[in-house]
Amino acid sequence: MPLDASGIMAGRVKWVTDIEKSVLINNFEKRGWVQVTENEDWNFYWMSVQTIRNVFSVETGYRLSDDQIVNHFPNHYELTRKDLMVKNIKRYRKELEKEGSPLAEKDENGKYLYLDFVPVTYMLPADYNLFVEEFRKSPSSTWIMKPCGKAQGKGIFLINKLSQIKKWSRDSKTSSFVSQSTKEAYVISLYINNPLLIGGRKFDLRLYVLVSTYRPLRCYMYKLGFCRFCTVKYTPSTSELDNMFVHLTNVAIQKHGEDYNHIHGGKWTVNNLRLYLESTRGREVTSKLFDEIHWIIVQSLKAVAPVMNNDKHCFECYGYDIIIDDKLKPWLIEVNASPSLTSSTANDRILKYNLINDTLNIAVPNGEIPDCKWNKSPPKEVLGNYEILYDEELAQGDGAERELRSRPGQPVGPRTGRSRDSGRNVLTTWK
């Protein structure tokens, strides 16, 4: 093999990472890739969200060459910051409404029939007055406060009285909401107090979604997602509002609970969940639930696609957090830009190693030097545990933006479904 100027064998991918995780490094080494430093010529950089900011910042004016790729889009935060995600989804709904799209249809109470998948949410301090108005309509409700830019359950608390917000405002060392800096922005969302419980415990779903391009949108769903369970049984009792072992499923929190199980880590595979629901609720409603989850993911990506900087050097693997309520309605809670690669159990480690392996097979085809000009549409054989969730080019090629024939509640899954309203077979836009 020829040597290049630096004495490293040419033709091998040169990688850098600032995330020291064995599931990453073992994958690079297995491919025979060569580790270099960020100051040398590199082809593949798996970087933290802080680093991506520097790479794409106006000040550094960094130019990536055609043989370089990175694992984040420059402004991924349009989807992964809690406040911006909600803002983009709200904007998307309004635009669809303006266009008269049937997707934006509402019921007699003014609720979206198909796009109501994020709990009612306000930004604080900006929307404080709107929030108060909403709170007074149903004063017995519980709300959850989250700092916009933090992860792993940090800084989250529940409230059910306006006085608690006022106290929080004072504790934030500010006399008025207005003077608070945007750094301390929070979102406050209606708390889903009727979660689906299994064994009396609340859980959420962590699903991995890979986006290879936003325009046209092409995304993949990882089949091996999992449920994360709380260690303490759920109670809607307001006396337990500050017990995060009851309310927050984040492993970063639950692993400190005395009932935390270090063998299974309070996790269940999505397949187990599916089998459990099919046996307790029936196959049809279970399929409908999973179709709706897929629908939510695609709609959230479509909501941010117009504002996303669709840089050809980028791909991204997002961690979606979904909560299912006791009516089997899924809710999008948030999307993570750097889903944890820390392994809490042996199974976890295998799952994350395979997740990275399958992600690299799509992002860096054949393990060869990347080329940003290729069309990013890998053959089915290399997808591993990913399956294509939505391909905008294919959808349009079918002449198909016929999404409403596959509304939630009708078959939306990755298959050709019979549409209930037309009675004849139609292609969904999911394949």
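Small disclaimer: the values here were computed from a predicted structure and weren't measured. One is the number of the first residue; the rest follow in order along the sequence.
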Asks: Ignoring hydrogens and angles, state whether a donor on the side chain of Asp326 or Asn194 is under 3.5 Å from an acceptor on the partner side chain.
Replies: yes
Asks: Measure up the Phe131 and Tyr128 rings against each other and bin them: parallel (under 30°), tilted (30 to 60°), perpendicular (over 60°).
Replies: tilted
Asks: Taking Asn310 for its side chain and Tyr214 for its backbone only, find out whether a donor-acceptor pair lies under 3.5 Å.
Replies: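 Judged by distance alone, yes, a pair lies under 3.5 Å.
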Asks: Can you tell me how far the CG atom of Leu210 sits from the CZ atom of Arg218, to the nearest 0.5 Å?
Replies: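 With rounding to 0.5 Å, CG (Leu210) is 11.0 Å from CZ (Arg218).
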Asks: Would Arg93 and Leu96 count as a side-chain contact (heavy atoms from CB on, under 4.5 Å) if you check the C-alpha gap in whole Å, the side-chain angles of each, and the deciding distance to 0.1 Å?
Replies: CA-CA 5 Å; Arg93 290 170 179 161; Leu96 287 174; 5.9 Å; no
Asks: Does atom CZ of Arg283 have more than 12 heavy-atom neighbours, drawn from other residues, nucleotides or ligands, at distances under 6.0 Å?
Replies: no
Asks: Does Val307 reach the side chain of Leu84, with side-chain heavy atoms less than 4.5 Å apart?
Replies: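 SC-SC contact between Val307 and Leu84 ruled out.
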Asks: State whether the side chain of Asn43 and the backbone N or O of Asp67 hold a donor-acceptor pair below 3.5 Å, judged by distance alone.
Replies: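 Side chain of Asn43 to backbone of Asp67, a donor-acceptor pair under 3.5 Å: yes, one is there.
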Asks: Between atom CH2 of Trp295 and atom OH of Tyr390, what is the distance when rounded to the nearest 0.5 Å?
Replies: 10.0 Å
Asks: Looking at CD1 of Ile19 and CG of Leu24, how far apart are the two atoms once the value is rounded to the nearest 0.5 Å?
Replies: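 Going from the CD1 atom of Ile19 to the CG atom of Leu24 covers 6.5 Å.
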Asks: Is there a donor-acceptor pair closer than 3.5 Å between any side-chain N or O of Tyr320 and the backbone N or O of Val209?
Replies: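 No.
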Asks: Quick one: closest heavy-atom pair of Ser300 and Ile89, and the distance?
Replies: CB-CD1, 4.4 Å
Asks: Between Glu134 and Ser141, is a side-chain contact (heavy atoms from CB on, under 4.5 Å) present by the stated rule, with each step listed?
Replies: CA-CA 10 Å; Glu134 186 66 33; Ser141 52; over 6 Å; no
Asks: In the structure I gave you, are the side-chain heavy atoms of Met221 and His294 within less than 4.5 Å of one another anywhere?
Replies: yes
Asks: Might you point out which heavy atoms bring Asp391 and Ile388 nearest each other, and give the distance in Å?
Replies: CB-CD1, 4.0 Å
Asks: CG/Asn361 to CD/Glu381 distance, rounded to the nearest 0.5 angstrom?
Replies: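 Rounded to the nearest 0.5 Å, the CG-CD separation comes to 12.0 Å.
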Asks: What pair of heavy atoms forms the shortest contact from His72 to Ser338, and how long is it?
Replies: CE1-OG, 3.6 Å
Asks: Within the distance-only criterion (no hydrogens, no angle test), does the side chain of Asn366 pair as donor or acceptor with the backbone N or O of Glu368 below 3.5 angstrom?
Replies: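 Flag not set: sc Asn366 to bb Glu368 has no pair under 3.5 Å.
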Asks: Count the heavy atoms of every other residue, nucleotide or ligand shown that sit under 6.0 Å from CZ of Arg63, and state whether that count exceeds 12.
Replies: no
Asks: Start with the C-alpha gap between Thr286 and Arg274, add the side-chain angles, then the distance that decides, and say whether side-chain contact (heavy atoms from CB on, under 4.5 Å) holds.
Replies: CA-CA 7 Å; Thr286 303; Arg274 196 166 196 144; 3.9 Å; yes
Asks: Is the number of heavy atoms from other residues, nucleotides or ligands under 6.0 Å of Asp41 CG greater than 12?
Replies: no
Asks: Do Ile333 and Pro119 have side-chain heavy atoms sitting under 4.5 Å apart?
Replies: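 Touching, per the 4.5 Å side-chain cut-off.
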Asks: Would you verify whether the NZ or CZ of Lys90 falls within 45 degrees of the ring axis of Tyr122 while also being under 6.0 Å from that six-membered ring's centre?
Replies: yes
Asks: Would you say Tyr234's side chain and Asn193's backbone share a donor-acceptor pair under 3.5 angstrom?
Replies: yes
Asks: Start with the C-alpha gap between Phe56 and Val70, add the side-chain angles, then the distance that decides, and say whether side-chain contact (heavy atoms from CB on, under 4.5 Å) holds.
Replies: CA-CA 11 Å; Phe56 285 108; Val70 296; 4.1 Å; yes
Asks: Flag the pair Glu95 and Arg91 as a salt bridge only when some basic side-chain nitrogen lies within less than 4.0 angstrom of an acidic carboxylate oxygen.
Replies: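 Judged by the 4.0 Å cut-off on N to carboxylate O distance, Glu95 and Arg91 do form a salt bridge.
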Asks: I'd like to know if Lys288 pairs up with Glu284 as an ion pair, taking the criterion as any Lys NZ or Arg NE/NH1/NH2 lying under 4.0 Å from an Asp or Glu carboxylate oxygen.
Replies: no
Asks: Main chain of Ser140, side chain of Asn160: is a donor-acceptor contact present, judged purely on distance under 3.5 Å?
Replies: no
Asks: What's the shortest heavy-atom distance between Ile69 and Ala363, and which atoms?
Replies: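 Scanning both residues, the minimum pair turns out to be CD1-O, 3.5 Å.
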Asks: Quick check for you: to the nearest 0.5 Å, what is the distance between Asp107 atom CG and Tyr114 atom OH?
Replies: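 Result: 10.5 Å between the selected atoms.
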Asks: Does the pair Asn357 and Lys30 meet the rule for a side chain to side chain donor-acceptor pair (under 3.5 Å), with working shown?
Replies: CA-CA 10 Å; Asn357 180 47; Lys30 181 193 87 171; 3.0 Å; yes
Asks: Asp116: which residues meet the salt bridge (charged side-chain N to carboxylate O under 4.0 Å, His left out) condition with it, sequence neighbours left out?
Replies: Lys111, Lys329
Asks: Does the side chain of Glu78 come within less than 4.5 Å of Asn309's, by heavy atoms?
Replies: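 In short, these two side chains do not touch, never coming nearer than 4.5 Å.
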Asks: Between Ala104 and Leu115, what is the shortest heavy-atom contact and its length?
Replies: CA-CD1, 4.2 Å
Asks: So Trp268 and Phe229, would you call those rings parallel, tilted or perpendicular, with 30° and 60° as cut-offs?
Replies: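 Because their plane-to-plane angle is over 60°, the rings of Trp268 and Phe229 count as perpendicular.
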Asks: Atom CG in Asn71, atom CZ in Phe315: separation rounded to 0.5 Å?
Replies: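 Answer for the CG-CZ pair, Asn71 versus Phe315, is 5.0 Å.
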Asks: Indicate yes or no for a side-chain donor-acceptor contact from Arg12 to the backbone of Gly32 under 3.5 Å, with no hydrogens or angles considered.
Replies: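 Yes, because the side chain of Arg12 sits within donor-acceptor range (under 3.5 Å) of the backbone of Gly32.
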Asks: Using modelled atom types and a 3.5 Å cut-off, is there a donor and acceptor pairing between side-chain atoms of Asp127 and backbone atoms of Leu130?
Replies: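 Flag not set: sc Asp127 to bb Leu130 has no pair under 3.5 Å.
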Asks: Using 4.0 Å as the upper bound for N to carboxylate O, is an ion pair formed by Lys94 and Glu97?
Replies: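 No salt bridge links Glu97 with Lys94.
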Asks: Is the side chain of His313 donor-acceptor paired with the backbone N or O of Ser65 at a distance under 3.5 Å, no angle test?
Replies: yes
Asks: May I ask you to decide whether Lys302 forms a salt bridge with Glu392, counting only side-chain N to carboxylate O separations under 4.0 Å?
Replies: no
Asks: Donor-acceptor check, side chain of Asp321 to backbone of Asn336, threshold 3.5 angstrom: yes or no?
Replies: no
Asks: Can you spot which of Tyr386, Tyr220, Tyr222 makes a side chain to side chain donor-acceptor pair (under 3.5 Å) with Asp358?
Replies: Tyr222
Asks: Tell me the closest heavy-atom pair linking Glu292 and Pro330, and the distance in Å.
Replies: OE1-CD, 3.5 Å
Asks: Do Leu79 and Phe73 have side chains that approach each other closer than 4.5 Å (heavy atoms only, starting at C-beta)?
Replies: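 When only atoms from C-beta onward are counted, Phe73 and Leu79 do not touch, as no gap falls below 4.5 Å.
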Asks: Counting the benzene-type ring for Trp, do Phe28 and Trp46 have ring centres under 6.0 Å apart?
Replies: no
Asks: How about Trp33 and Phe44: are their ring centroids closer than 6.0 Å?
Replies: yes
Asks: I'd like to check Ile144 versus Ile156 (side-chain heavy atoms, cut-off strictly below 4.5 Å). Are they in contact?
Replies: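 Yes. Closest side-chain heavy atoms under 4.5 Å.
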Asks: Do Arg31 and Val13 make a side-chain contact, defined as non-hydrogen atoms from C-beta onward lying under 4.5 Å apart?
Replies: no
Asks: Going by heavy atoms in the side chains, are Leu207 and Ile297 under 4.5 Å from each other?
Replies: yes
